[in-house]
Amino acid sequence: MPARIPHVFFKNGASVPVLGLGTWNSPPGQVTQAVRDAILVGYRHIDCAHVYENEHEVGAGIAAKIDKGYVKREDLFVTSKLWNTFHRPDLVQSALKVTLRNLNLKYLDLYLIHWPQAYREGDELFPLRPDGKRVHFSDVDYVNTWPEMERLVDAGLVRNIGLSNFNVKQVQRILDVARIAPVTNQIECHPYLHQDELREFCNEQEIIITAYSPLGSPARPWAKQDDPILMQDPMVKKLAKKHSKSPAQILIRYQIQLGNLVIPKSVSKQRIAANADVFDFELGVDDMIQLAALERSGRICPESFSFGHPHHPFEEEFRKGR
């Protein structure tokens, strides 16, 4: 039987499944089947982005299940993200339409500004400076991008809008100008990086956190040989044994009990199904405390090649030596 994944509600009343399938860093040629498998085992929330360069595969997987009558479009919650080279207001709607064509959809359930920092406009996703080490920046302010995101809602092209990788000050700047408030801030969140201040602020503003890399992204391309592996942490393994669950299931359940949406990535049908098998147990208070104690400010997605951008969200914490 397909997994029964609970829904939660954004401040505006829109419903969203608490668990979704992440598609970042999924190997090319495997994403279509992963989406088909995810829908088959009960997922209805799919997280995408233009920069992942696999939205056409996601769209093919969605279309396969809709065409066979397994799901209807309205059963699904599909998210994508505006990439950094399209922050200029006149580029926002055309960027969304590219995503809609790739996904073969008429609307998105959620569209996020992927990062607050803008890159030079053009066809390159990462336009590099002559030294080849840093990205060429654009001076577009994300505050001027937000009204165009709101117009996408007005046009019926997007049902909800939000943010990704925005820090407290940046979220507040959006709130100061917003006619339509962001419903979520999608951020890196796992026991090595809780981002307590940001999560508390967003909760106060009724902005739901969506946790990406909840398993620590062990397959990230820039991982070093001596980097700690979250799913091999002794405490995580101890709790997995205690609850007769896998380390991944413990980490996913942890995010749900923190009140976050969570979007683990996998292309393995077995793991996709296992990642959804987290609603038949509960972590105790002591379990939650022990996982919280693993905090080590262990950010694994620092976007370091855009350090120096005035809107880089993490640069201040790195200057402080975190």
Side-chain angles (χ1 to χ4, degrees), residues 5 7-24 26 31-32 34-36 38-40 42-115 142 145-164 166 174 178-186 207-208 210 212 261 263:
I5 297 175
H7 287 226
V8 297
F9 294 91
F10 292 134
K11 182 180 180 180
N12 63 10
S15 173
V16 53
V18 70
L19 174 69
L21 177 73
T23 60
W24 172 65
S26 293
V31 181
T32 295
V35 171
R36 293 172 66 177
I39 292 173
L40 184 66
Y43 287 71
R44 297 294 180 265
H45 178 179
I46 311 294
D47 183 83
C48 324
H50 176 80
V51 75
Y52 302 165
E53 298 187 276
N54 59 14
E55 289 189 324
H56 59 292
E57 293 189 51
V58 174
I62 291 172
K65 288 303 177 184
I66 291 177
D67 292 346
K68 290 184 178 180
Y70 193 82
V71 290
K72 298 177 181 178
R73 169 64 184 96
E74 54 266 31
D75 296 331
L76 302 175
F77 190 97
V78 182
T79 300
S80 189
K81 308 176 190 77
L82 178 75
W83 183 238
N84 305 2
T85 53
F86 305 117
H87 281 204
R88 203 173 70 199
D90 64 299
L91 299 177
V92 172
Q93 185 170 126
S94 58
L96 169 67
K97 288 184 175 180
V98 170
T99 277
L100 290 175
R101 283 197 301 271
N102 287 338
L103 292 170
N104 195 26
L105 299 176
K106 294 182 179 179
Y107 69 91
L108 290 180
D109 298 276
L110 176 62
Y111 199 40
L112 311 177
I113 299 180
H114 202 154
W115 290 86
Y142 56 83
T145 308
W146 190 252
E148 296 303 318
M149 299 286 285
E150 294 174 325
R151 290 186 181 95
L152 299 178
V153 178
D154 297 337
L157 297 171
V158 171
R159 300 286 172 86
N160 303 277
I161 49 178
L163 308 170
S164 182
F166 277 56
I174 291 292
R179 173 172 58 88
I180 301 174
V183 296
T184 190
N185 189 14
Q186 185 178 125
I207 297 171
I208 291 181
T210 302
Y212 74 73
L261 305 178
I263 48 171

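We count residues from 1, following the sequence as given.
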Rounded to the nearest 0.5 Å, what separates atom NZ in K65 from atom CG in L76? 11.5 Å

Enter the distance from N185:CG to I113:CD1 here, rounded to the nearest 0.5 Å. 10.5 Å

Taking distance alone, no hydrogens or angles, what donor-acceptor pairs closer than 3.5 Å link side-chain atoms of residues 96-107 to residues at least two apart or in another chain?
residue, atom, partner, partner atom, Å
K97, NZ, Q93, OE1, 3.1
T99, OG1, E55, OE1, 2.8
N102, ND2, V98, O, 3.4

Test item: R159 side-chain N/O and L110 main-chain N/O as donor-acceptor pair under 3.5 Å: no

Any sub-3.5 Å donor-acceptor pair from N160's side-chain atoms to V183's backbone N or O? no

Mind listing the closest non-hydrogen atom pair of L91 and T85 along with its distance? CD1-O, 3.8 Å

Considering all heavy atoms, the nearest G22-S26 contact: O-OG, 4.2 Å

Which residues pass the side chain to side chain contact (heavy atoms under 4.5 Å, CB included) test with A95, not counting sequence neighbours? L82, F86, Y111

Mind checking what makes salt bridge (charged side-chain N to carboxylate O under 4.0 Å, His left out) contact with R151, not counting sequence neighbours? E148

What I'd like to find out is whether the side chain of Y142 reaches to under 4.5 Å of the side chain of M149, using heavy atoms alone. no

Any residue meeting side-chain hydrogen bond (donor to acceptor under 3.5 Å, both in side chains) with S15, in chain and number order, not counting sequence neighbours: H7

With sequence neighbours left out, what residues match D154 under side-chain hydrogen bond (donor to acceptor under 3.5 Å, both in side chains)? R179

In terms of relative ring orientation, are F77 and F10 parallel, tilted or perpendicular, with 30° and 60° separating the classes? tilted

Restricting to pairs with a member in residues 70-89, which pass salt bridge (Lys or Arg N to Asp or Glu O under 4.0 Å), not counting sequence neighbours? D47-K81, R73-D109, R88-D90

